[in-house]
Protein chains: 2
Amino acid sequence: MQQQLREHIEKIIPLTDEEFDFILAQFTTKKFKKHQYIIQEGDNVKYAYWVISGLLKLVYTDNSGKQHIVSFAMEDWWESDYYAFHTQTPATLSLECLEDTEVYCLSYEGYGILCDQLQKMERFFLQKANFGFLAAQRRILSLLTTDAKERYEQLVKQSPALVQRVPKSLLAAYLGVSRETLSR
Amino acid sequence: MQQQLREHIEKIIPLTDEEFDFILAQFTTKKFKKHQYIIQEGDNVKYAYWVISGLLKLVYTDNSGKQHIVSFAMEDWWESDYYAFHTQTPATLSLECLEDTEVYCLSYEGYGILCDQLQKMERFFLQKANFGFLAAQRRILSLLTTDAKERYEQLVKQSPALVQRVPKSLLAAYLGVSRETLSR
DNA sequence: ACGGAGGTGTGATGTATATCACTTTTAAAT
DNA sequence: ATTTAAAAGTGATATACATCACACCTCCGT
């Protein structure tokens, strides 16, 4: 499990044993059951999470009560309400388990310590942020340029594992179409 | 002009004069005329740009030749085809001037040097990347949750200056609706 | 001063997708 | 094993929006 996290980080920057020990000291682990909330709207968001096993959905609920999926997170993914996390303001999103899930938790302070004291980790987070931004930009383009069917096909091609594990009604809420349309 | 850049950076991290001199040495400046391309699809993207004055559009052109606007950039904004920049692959987007524009250019190497040799700048870029990601995520949500009219109203409220300076047909291409729909 | 390009408004029509209502299937819970 | 809830398919109807076609207007360059 530690090994899994270490490999994840070392995909971007090699570490010494001492460095990894220092990093690991900033993390705690936690287990959640299916349907459990990790973050609820209004919560104070203390942590960013890295998924060891399981599956999460990050959701925005609009005024009319409709749910929209900002993103899914499975093994090896980071997730949180990052706006709330970085600005230390109440959550506007909720983070909920679609399966029993185990995560590494990195506190806001831990994040600051890692960035301040280990330049390698700041580099790591910079890479993650850059690629996260690029992924978001690609998704914007996909929403601007393609219709529902095409977006679904893209998703199946890109993340077949996700399509297997997630109910179609949720995929619809991620792609921005109604459940019924997706089914046809 | 240097002062303008310095203030921009110091909004996030204070600098000594020596540090700023070092930073500035990594930049060059360049002027472009209205309608000129800074990046064209297929180009090798050597630089990220910071807008001193003027206005840019970052555009994706789909198979059918239709233009979709990834983003606009005005004074004080960074812009580039970041995917091409960070991965050093050919541009899939184009960057074009909507007005006469002057920019600071930061080369890929310069970016690396700044990150490696000045931790403060790595912190600066980390902040920018994080907030860029969050802005993109908000835009995704706005595309998922609201209809054309609402998105337009949001934009007017958020960036009235932009709405003034940009033709409506381009705002439409940014919001993901047709020019005609926007006009009604 | 004139011609052309770019920008904008408006009608008529077509289409993708939302919404509502209902059924069937599958999976979870006691 | 039986009950209950969640997921998935399907028809009928409504609607937001795209598309096409055209008129008008205002810059800008020569």
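All chains are named by letter (A, B, ...) in the order of the sequence lines, taking the proteins before the strands, and each is independently numbered beginning at 1. Bear in mind that the values here come from a model prediction, so they are computed numbers and not experimental data.
Listed nucleotides: C:dA18, C:dG9, D:dG9. Nearest to the side chain of A:Arg179: D:dG9. Among the nucleotides D:dT19, C:dG7, D:dG9, the one closest to the side chain of B:Pro167 is C:dG7.
Side-chain to base pairing of A:Arg184 with C:dT19: one donor and one acceptor N or O lie within less than 3.5 Å of each other.
Within the 4.0 angstrom heavy-atom criterion, only backbone atoms of the sugar-phosphate kind lie near A:Ser169; the bases stay farther away. Among the heavy atoms of the strands lying under 4.0 Å from A:Lys66 are primed sugar atoms or P, OP1, OP2 only; no base atom is included.
In this entry the distance linking CD of B:Glu180 with P of C:dT13 reads 16 Å, nearest Å. Note: NE2 (A:His35) to P (D:dA5) measures 13 Å, nearest angstrom. In this structure, A:Asp62 atom CG and C:dA18 atom P are separated by 14 Å, rounded to whole Å. The separation between A:Lys33 atom NZ and C:dA29 atom P is 11 Å, rounded to whole Å.
Around NZ of B:Lys46, the count of heavy atoms belonging to other residues, nucleotides or ligands within 6.0 Å does not exceed 12.
When each of A:Gly176 and B:Lys168 is assigned the nucleotide of DNA chain C bearing its nearest heavy atom, the one mapping closer to the 5' terminus is B:Lys168. Toward the 5' end of DNA chain D, the nearer of the two residues B:Leu182 and B:Lys34, judged by each one's closest nucleotide, is B:Leu182.
Hydrophobic clustering (ILVMFWY, side-chain heavy atoms < 4.5 Å, transitive): A:Val59 and A:Tyr83 are in distinct clusters.
Taking the six-membered ring for Trp and the full ring otherwise, B:His86 and A:Phe131 have centroids separated by 6.0 Å or more.
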